[in-house]
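These values consider heavy atoms only, across backbone and side chains, with no hydrogens, waters or symmetry-generated copies. Residues take their numbers from the sequence shown, with the count starting at 1.
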Amino acid sequence: MSARETAEYLNVSVSWIYRNASGSGLAPYRFGSGVNAKIRFKASEVEAWTKQQRVL
């Protein structure tokens with residue numbers, strides 16, 4: 001999933017994805033380097049992460 005798709009799925013902003021995803025435990029995969037690097041997420045990992053965030 002792209003950063004935009006992940007943000008839409010999680011109902012957060014794209015900037016939140018770039019700033020907070022790795023710090024919150026959602027592991028991005030980086031392609032490229034520098035400011036032009038693209039980050040992607042595995043859909044299964046995003047879904048598993050959302051289940052871990054559930055408040056009982």
Side-chain angles (χ1 to χ4, degrees):
M1 298 173 75
S2 69
R4 182 181 304 270
E5 291 170 333
T6 304
E8 289 175 4
Y9 180 80
L10 297 175
N11 198 29
V12 297
S13 67
V14 175
S15 61
W16 185 92
I17 294 293
Y18 282 104
R19 281 185 280 125
N20 300 322
S22 61
S24 65
L26 188 57
Y29 293 85
R30 179 178 287 255
F31 296 94
S33 61
V35 292
N36 292 327
K38 304 291 182 194
I39 62 171
R40 309 280 289 177
F41 299 87
K42 284 188 177 180
S44 60
E45 291 178 0
V46 173
E47 188 174 325
W49 182 82
T50 57
K51 289 180 181 177
Q52 291 175 350
Q53 303 307 308
R54 183 174 39 192
V55 177
L56 299 176

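- The heavy-atom pair separating Phe41 from Ala27 by the smallest distance is CD2-O, 3.6 Å.
- For residues 5-30, the set of pairs meeting the salt bridge (Lys or Arg N to Asp or Glu O under 4.0 Å) definition, not counting sequence neighbours, is empty.
- Here OH of Tyr29 is found 12.5 Å from CD1 of Ile39. Values are rounded to the nearest 0.5 Å.
- In this structure, CE in Met1 is found 9.0 Å from CZ in Arg40, a value given to the nearest 0.5 Å.
- Across every non-hydrogen atom of Leu26 and Pro28, the tightest pair is O-CD, 3.1 Å.
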Exercise for review: Give the intermediate values and the outcome of side-chain contact (heavy atoms from CB on, under 4.5 Å) for residues Val12 and Asn20.
Suggested key: CA-CA 11 Å; Val12 297; Asn20 300 322; over 6 Å; no
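- The nearest pair of heavy atoms linking Ser24 to Trp16 is OG-CH2, 3.7 Å.
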